[in-house]
2 protein chains.
Amino acid sequence: MSAPPANEASPAVRSPVPPEYRGHLGFLVAKARQLLSEQMDARLSASGYSVRHFAVLGGLGRQSGLRQTDLCDTLGIDRTTIMKLVDDLERGGLLQRNRHPDDRRAYVLELTDAGQAAHARMLVPILAEEEQFLAPLSPGERALLQEMLLRLVERALDRKQTNSQST
Amino acid sequence: MSAPPANEASPAVRSPVPPEYRGHLGFLVAKARQLLSEQMDARLSASGYSVRHFAVLGGLGRQSGLRQTDLCDTLGIDRTTIMKLVDDLERGGLLQRNRHPDDRRAYVLELTDAGQAAHARMLVPILAEEEQFLAPLSPGERALLQEMLLRLVERALDRKQTNSQST
DNA sequence: ACTTATAATCAGCTAAACTGATTAATAACT
DNA sequence: AGTTATTAATCAGTTTAGCTGATTATAAGT
C-alpha cells in the first residue's frame with residue numbers, strides 16, 4: 001500500500017473518495033455498482049456462475065414464459081450476450097429452451113428443478129452481500145434508498161421509451 | 001478516439017421494472033448506472049469524448065499532481081485502459097504528461113488551459129443530465145441520496161482495503 | 001400474395017479488462 | 001557498497017462483452 005504523495009496531512013485517515021468526485025452522482029453510482037457486482041461475483045465464484053447468470057435465473061424465477069429478448073430489454077444486455085448466458089445455463093441443466101406455443105420463432109425459457117435449486121442457493125450469498133453493503137444504513141434509510149432508486153430508474157426508462165418513440 | 005457508444009437503435013423499451021427485480025439492490029444500482037452513463041455519453045458525443053475521459057479530466061481538475069496509477073485506483077479502471085484514455089486526452093492537447101519531480105518513473109498529469117476549458121464545457125451537459133435524472137426527487141431527497149451513496153461507497157472501499165491488507 | 005417486421009442465431013469487428021513481459025527508476029536488504 | 005525486489009509506465013497478446021450485419025424461420029400488415 002503506497003501512501004498518497006504530496007498533500008498528506010492526517011495520519012492514517014485517508015478518505016477513499018477524493019473530494020472532486022464526492023459531489024458527482026455519476027461517479028457515486030458507478031462506483032457503487034462496481035463494488036457491489038465485484039463482491040457479488042466473488043461470492044458466487046464457487047458456483048461457477050456470475051451475477052449475470054444469477055440475474056437471468058432471477059428473471060425466470062416467478063413466472064416463466066420469458067423470451068430471450070425480454071431479458072435483453074430488462075437487463076440491458078445485448079442479444080448475443082444473452083444467448084451465451086442462456087447457453088451456459090442450458091448446458092448446466094439449469095434451464096430449458098422450449099418453443100413458444102404462439103410464436104414458434106421464439107423460445108420460452110423455463111427453469112428446471114435444478115435451476116430453481118441453483119437460484120435458491122445463489123440467493124444466499126447475494127443477499128449476504130446486499131446486507132453487508134447496506135450495513136451503514138438504518139432500516140428506514142435502506143427502504144428509502146431502494147424506493148428512490150426505483151423511482152429514478154423507472155422515470156429514466158420512461159424517458160428513454162418516449163424518446164425512442166419520436167425517432 | 002473512441003466516440004461514446006450511442007445506443008440509438010434500441011427499439012421500444014416498454015417494460016418498467018419487473019417485480020422480480022424491484023427488491024434487488026444490485027439490479028437497481030446497475031440499471032441506474034447504465035442509464036445514467038448511457039445518457040451522459042449521448043450528451044457528450046458532440047465533444048468526441050466519453051464520460052470516462054470526462055472522469056479523468058475531473059480527477060485532475062482541482063489539484064494536479066496525480067499519477068496514472070492514482071486514477072486507476074480511484075476510478076477503478078485498468079492501467080492499460082487509463083493509458084489509452086490519457087493518450088487520447090494528450091493527443092487532443094487537454095493534458096500533459098510531466099515527469100514527477102520526486103519519482104522519475106512516474107508522470108504528473110496536468111491539465112492544459114485547453115483541458116480546463118474542455119472540462120468546463122463538458123460539465124454543462126453532465127450536470128444537465130444529472131439534473132434530469134434526479135428530477136423525480138425533491139432537493140432534500142437528492143441530498144440524502146448522495147450522502148447515503150457516499151457512505152456506502154466509502155464503507156465498501158474501506159472493507160476492500162482492509163481485506164487486501166490481510167493478504 | 002407481397003412486403004415488412006421479428007426471434008434467435010452466427011460471423012466478424014471493436015472496445016475494454018486482464019495477463020505477462022519489458023524498461024527505467026526507486027526502495028529495501030545485507 | 002552491491003544485490004535484490006518493487007514499482008510506474010508501457011507494450012503485446014488473450015479474453016470477454018457489446019455492436020453490426022446477415023441468415024433462417026415465423027409472424028403480421030396491406
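Within every chain, numbering begins at 1; the chains are lettered A, B, ... in the order of the sequence lines, protein sequences first and strands thereafter.
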When we call it a touch if two heavy atoms are under 4.0 Å apart, what does [X] touch: a base, just sugar-phosphate, or nothing?
{"X": "A:Asp102", "value": "sugar-phosphate"}
{"X": "A:Asp78", "value": "base"}
{"X": "A:Arg99", "value": "nothing"}

Look at the side-chain N and O atoms of [X] and state whether any lies under 4.0 Å from the OP1 or OP2 oxygen of [N].
{"X": "B:Thr69", "N": "D:dT7", "value": "no"}
{"X": "B:Arg67", "N": "D:dT10", "value": "no"}
{"X": "B:Thr81", "N": "C:dA16", "value": "no"}

Closest nucleotide of DNA chain D for A:Pro101 versus for A:Ile77: which of these residues is on the 5' side? A:Ile77
B:Thr112 side-chain N/O to B:Gly93 backbone N/O, donor-acceptor pair under 3.5 Å: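 Yes: the side chain of B:Thr112 pairs with the backbone of B:Gly93.
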Nearest whole angstrom, please: distance from the [atom2] of [N] to the [atom1] of [X].
{"X": "A:Arg97", "N": "C:dT9", "atom1": "CZ", "atom2": "C1'", "answer": "9 Å"}
{"X": "A:Ile82", "N": "D:dC19", "atom1": "CD1", "atom2": "C1'", "answer": "15 Å"}
{"X": "A:His100", "N": "D:dA28", "atom1": "NE2", "atom2": "P", "answer": "11 Å"}
{"X": "B:Gln68", "N": "D:dA9", "atom1": "CD", "atom2": "C1'", "answer": "6 Å"}
{"X": "A:Arg79", "N": "C:dA11", "atom1": "CZ", "atom2": "P", "answer": "15 Å"}
{"X": "B:Met83", "N": "C:dC18", "atom1": "CE", "atom2": "P", "answer": "16 Å"}
{"X": "B:Tyr107", "N": "C:dA25", "atom1": "OH", "atom2": "P", "answer": "11 Å"}
{"X": "B:Tyr49", "N": "C:dA15", "atom1": "OH", "atom2": "C1'", "answer": "18 Å"}

Would the base of D:dT7 count as contacting B:Arg105 through its side chain, where contact means a donor and an acceptor less than 3.5 Å apart?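 Result: at least one qualifying N/O pair found.
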Side-chain donor or acceptor of A:Thr80 under 3.5 Å from a matching atom on the base of D:dC19? yes
Is the ring pair B:His119/B:Phe54 parallel, tilted or perpendicular, if the boundaries are 30 and 60 degrees?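 Ring orientation of B:His119 relative to B:Phe54: parallel.
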With the threshold set at 4.0 Å, does a side-chain nitrogen-carboxylate oxygen contact exist between B:Asp103 and B:Arg67? yes
Taking only residues two or more places apart in sequence or in another chain, which ones pass side chain to side chain contact (heavy atoms under 4.5 Å, CB included) with A:Gln68?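 Per chain and number, A:Gln68 pairs via side chain to side chain contact (heavy atoms under 4.5 Å, CB included) with A:Ile82, A:Met83, A:Val86, A:Arg97, A:Tyr107, A:Leu109.
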Qualifying salt bridge (charged side-chain N to carboxylate O under 4.0 Å, His left out) pairs with a residue from residues 113-127 of chain B, counting only residues at least two apart or across chains: none
Mapping A:Asp87 and A:Lys84 to their closest nucleotides on DNA chain C, which lands nearer the 5' end?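 It is A:Asp87, whose closest nucleotide lies nearer the 5' terminus.
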